[in-house]
Amino acid sequence: MYRYDEFDAGFVRERVALFRDQVQRRIDGSLTEDEFKPLRLKNGVYLQLHAYMLRVAIPYGTLSSVQLRQLALIGERYDRGYGHLTTRQNIQFNWPKLRDVPDILDLLADVEMHCIQTSGNCIRNVTADHFAGVAADEWIDPRPVCELIRQWSTAHPEFSYLPRKFKIAVTGASHDRAVVKAHDIGLRIVRHPDTGAHGFEVSVGGGLGRTPMIGKVIRDFLPQEELLAYLEAVMRVYNLEGRRDNKYKARIKILVHETGTEALKARIEHEFAQLDGPSINADPEELARIAAYFAPPHYEELPAVSARLEAAKSANPVFADWIDTNGFAHKVAGYRAITISLKGIGEIPGDITSAQMRQVADLADRYSLSEIRVSHNQNLILPNVKNDDLFALWQGLVEAGLATANVGLITDIIACPGLDYCALATARSIPIAQAIAKRFADPARQREIGPLNLNISGCINACGHHHVGQIGILGLEKRGQESYQITLGGDPTEQAAIGEIVGPGLTAEAVPDAIERLVEVYLEARQVGETFIDTFRRIGIGPFKLAFQHNLEGADHVA
Amino acid sequence: MLLDRTGRKPDLWTRGQPDDHAPVLVAWEEWNTQARLGNDPDRLGVEIPNTLAIEDLRPVLSQVGLVAIRFGAFSDGRGLSQARLIRRAGFTGVLRAVGPLIPDEFGFALQCGFDEVELPESSAHRQSEDEWLRSLAAYSHTYQQGYRSRTSILAQRRLARLSKGQSHA
Ligand code: HEM
Ligand code: SF4
C-alpha cells in the first residue's frame, strides 16, 4: 500500500487546517454562504435532506485494516454507528455536525486519509479496478498511476474551478471492472503493439447523469511518461471551452458531443503539442517510487488446489456456494480474492456498521495480509486469502452477518440513498432495492438466474448507475407520485452500453412483479451457457417489452 | 482593493481612453488596433473578458504593459487557464485578475501567472488584507510542476533522490 512521505503527510495536515480556517471565516461572515459552499464541497461536506454528510476518499479503493478501524470509530462517534459505501470508492457518513468536521479530518489524517476533492467542480477521487494487483486477468497494477494522478490533481492551481466535476478511472486488466467508459477520462493501461512499452488508451466524455454517454477513445496509445502533460491538455481545453451557462450541460461529455470527437481531439492534440512535457511530467523514478509501495506482498508458495478447501466444500454446501459466488481468481496460485457482500437481503445496499468494520479489519489481519478493498458495487473485498483459510474466514463472516452469497447476482443491487437521505431525490431507492432483494431472496433461485446486475437511482443524476445496469431502475416523480422507469441491457464493462427503456413507469409496489416477469422472459429464452445480458443481446428488447406490457395490464402503472 | 503577494497596493491605472497622464486600461470591446500602436506599452493596458481566445489577444500582447482578466464569478476558472496561455505566449508585463475572487484562490491565481487581484468593494469590505495574505501560506508545498510556485513536491523528491545518488558515488 502507498504510504505518505513527509510531503504528503504535511499537505493533508495543512488541508485540514485550511478547512478549519474556512469554517471559521464562514462563521465570522468573511465568506458568504455562496463562497463557502464550493469550499466545503471540495472537502467532501454536503448539505443533505436532514443534515450534513461527509464523503471520505478511498483512493483507488485500497484500505488497510488500521484505516478501516478508524472509519469504524468515525462512524460510531459521528454517524449512527454506520458507514455507507458509494459507487466511486468513497465512504459517506451522515449526520456529522459542521463544527466536528475538522476533527474528523484530523482523525482521517492520522491514518493517511482525507476528504479532498470528493465533491465539487474539480478532479475527483481517482478510482481503479477493485481487484487491482491481484486479478488473474490483469497485466499492470493501475494503482501507482492512480496515486500519481491523485497527487497531481490535488489542489491543482488551474483546475480547481472547473465547469463541473471531473472523474477519472484507471484499469490495467482486460476485463473492465472500473466502469472506465462512464468516466470523464477513462484510462486503460495497454501495451504498445510494436514496442511493448506501457501506455494508455484514453477515452473522454463518458458519464451518466441526465445525459448518459459512453466515453470516446481519443488516443489509442499515450506513452506512460507523458500522462500528466496529456491530462493537462485535456483539462485546459475543457476548462476554457466547457459550457458554464447550464450546469446540466457542463460536463466534458457535452463538450465532446457538441464539438464532435474528432474536432475536440484535434484541439487537445494541438494543446498537447505546445506543452513542454519534461517540465510537467513526473520523471519515471517518481512513478517507480510510488510503484514500489504496491509491490506484491510476500505470497507463500502454495498448491493450486487446497485439500482443506475441497474437504470443507464437500462437507458444507452453503460454504461451497459462497465460495463459488463470492470468490474471484487470484493471480497467485493458492490464493483467492473474496468479496464481502454488503447486500444482505432486506438491508441497505452498501451500509456497514462500525462493529462489522472492526470484524472485517480483524479478519483482514488474520487472513488477507491486512488489506481490504472497496468496490464500486458497494461491497468490500479481502484481496489476499489463502485457499486453506477460506473456511475459517467464512465462519468469521457468518458471525459478523456478512456471509451473504450473492456477489454478481440479482440481489447484489447497487442503490443510491434516494429519498431516504438525498436532497435531490425524486423517489425512494433503498426500499425498492429491499423489496426486490426480498422477492429474489432464495439463494438457489438467484444462482439459477445467474450473473445479473441491477442498479437503482432515486433521480436523474444517476448516482446508482442505473443506465449501466443490465436491469436499471430510475425513480422519478410524476404528478406527486413516485414512478419507476425500467431499462434493460446496460453494461458497465468494456462492452459498455446504456440501457433501453422497456415501458411506462411503474408504482413502487409494481416493481418487484415487473422485474420477475422480465427475468422469466430471459429464463424461458436463454440457451445453454447464456447469462441475462447474452440473451438480451441475442433476442433484443422486443420480447421483454411484450411481457412487460402484459404484466402492466394486471398492475398499476403511473400514467 | 488591489492586492499583490505583498499586500494591498495603490491602483495607478484608470479605465477609459488614453490621455497624457495616467496609465490607462482599455476594455477589449473598445480596443482599436490602429489607435494603440503609437502608445507607450508601460502606460497602456487591456482588459479582457474570460471568454476571449488567447490567440486573438496575441498581437496585442507586445503593445501593453498590463493585461487584466475579468472573472465574472470566483467559481469560474477560465481566467486561470487564460493566464497560463498568456504567459506561455511570452507576456512579461503585469497580469491582473479582476472580480470577486476569494482568498482561497489567491495562491492558485499567482501560480497560474497572475501578479495581482483587483477586488470589488462588495468583497473587499468582508475580506481583510490579512486573510488574503494568510491564504498564501496555506500550503508549504504543492504537487504540480510547471506552475509558478516554490519548488514542487515532485521536484523536491527528485532533488532528494539526486543528492542520495551523489552521496553514494
Ligand atoms: C447523498 C447525496 C448525494 C448527492 C446530493 C449527489 C448528487 C449528485 C449529482 C447532482 C450528480 C450528477 C452530476 C452531473 O451529472 O454532473 C451525481 C452523480 C453521481 N453520483 Fe451522486 N450524489 C449523492 C450521493 C451519491 C452516492 C451515495 C453515490 C454512490 C452510491 C453517488 C455516486 C454518484 C456517481 C457515481 C455519479 C456519477 C454519475 C455520472 O457519471 O454522471 N452519489 N451525484
Ligand atoms: S441519484 Fe439522485 S437521489 Fe440518488 S443520490 Fe444521486 S442525486 Fe440523490
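First the proteins, then the strands, lettered A, B, ... as listed; each starts at 1.
Remark: A:Lys42 does not engage B:Asp104 in a salt bridge, criterion side-chain N to carboxylate O under 4.0 Å. For A:Glu6 and B:Arg157, the salt-bridge test fails: no basic side-chain N is under 4.0 Å from an acidic carboxylate O. Here A:Glu285 does not pair with B:Arg158 in a salt bridge; the nearest charged N to carboxylate O distance is not below 4.0 Å.
Both the backbone and the side chain of A:Arg15 come within contact range of chain B, each with at least one heavy atom under 4.5 Å from a heavy atom of that chain. For A:Leu39, the part lying near chain B is the side chain, with the backbone staying farther off; criterion is any non-hydrogen pair under 4.5 Å. Contact annotation for A:Leu18: only side-chain heavy atoms (C-beta onward) come within less than 4.5 Å of a heavy atom of chain B. Neither the backbone nor the side chain of B:Ile54 comes within less than 4.5 Å of any heavy atom in chain A. When heavy atoms are compared at a cutoff of 4.5 Å, A:Asp21 approaches chain B solely by way of its side chain, counted from C-beta outward. Interface residue A:Ala155: backbone and side-chain heavy atoms are both found under 4.5 Å from chain B. Neither the backbone nor the side chain of A:Glu241 comes within less than 4.5 Å of any heavy atom of chain B.
Of all heavy-atom pairs between A:Leu275 and B:Arg88, the closest is CD2-NH1, 3.2 Å. When all heavy atoms of B:Gln82 and A:Leu240 are compared, the pair lying nearest together is CG-CD2, 3.9 Å. The minimum heavy-atom distance between A:Pro157 and B:Cys112, with the atom names listed, is O-SG, 3.6 Å. Among all heavy-atom pairs drawn from B:Phe74 and A:Asp34, the shortest one is CZ-O, 3.6 Å.
The structure places OH of B:Tyr139 at 8.5 Å from OG1 of A:Thr154, a figure rounded to the nearest 0.5 Å. Separating the CG atom in B:Leu80 from the NE2 atom in A:His156 is a distance of 10.5 Å, to the nearest 0.5 Å. With values rounded to the nearest 0.5 angstrom, B:Leu154 atom CG is found 10.5 Å from A:Asn281 atom CG. With values rounded to the nearest 0.5 angstrom, B:Gln144 atom CD is found 10.0 Å from A:Gln151 atom CD. A distance of 5.5 Å separates CG of B:Leu85 from CD of A:Glu271, quoted to the nearest 0.5 Å. Taken to the nearest 0.5 Å, the CZ atom of A:Arg25 stands 7.0 Å off from the OG atom of B:Ser135.
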### Task
Decide yes or no on side-chain contact (heavy atoms from CB on, under 4.5 Å) for A:Glu286 and B:Gln145, but give the supporting numbers first.
CA-CA 13 Å; A:Glu286 174 62 16; B:Gln145 309 201 97; over 6 Å; no

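When each of A:Leu162, A:Asp28, A:Asn121, A:Leu31 is scored by its heavy-atom pairs under 4.5 Å with chain B, the top score falls to A:Leu31. In terms of heavy-atom pairs under 4.5 Å with chain A, the best-connected choice from B:Gly79, B:Ala138, B:Ala155, B:Gly146 is B:Ala138. Per-residue counts of heavy-atom pairs under 4.5 Å with chain B were compared for A:Arg289, A:Arg13, A:Glu232; the largest is that of A:Arg289.
Summarising the local packing, CZ of A:Arg26 is surrounded by more than 12 heavy atoms from other residues, nucleotides or ligands at distances under 6.0 Å. Annotation: B:Arg15, atom CZ; neighbour count of heavy atoms from other residues, nucleotides and ligands within 6.0 Å is above 12. The 12-atom threshold is exceeded at OH of A:Tyr4, counting heavy atoms of other residues, nucleotides or ligands nearer than 6.0 Å.
With hydrogens and angles left out, the side-chain atoms of A:Glu158 and B:Ser81 include a donor and acceptor closer than 3.5 Å. Side-chain contact of A:Ser30 with B:Glu131: a donor-acceptor pair under 3.5 Å is present, judged by distance alone. With hydrogens and angles left out, the side-chain atoms of A:Ser160 and B:Glu105 include no donor and acceptor closer than 3.5 Å.
Note on ring orientation: taking the six-membered ring where Trp is involved, the planes of B:Tyr143 and A:Phe11 are tilted (angle from 30° to 60°).
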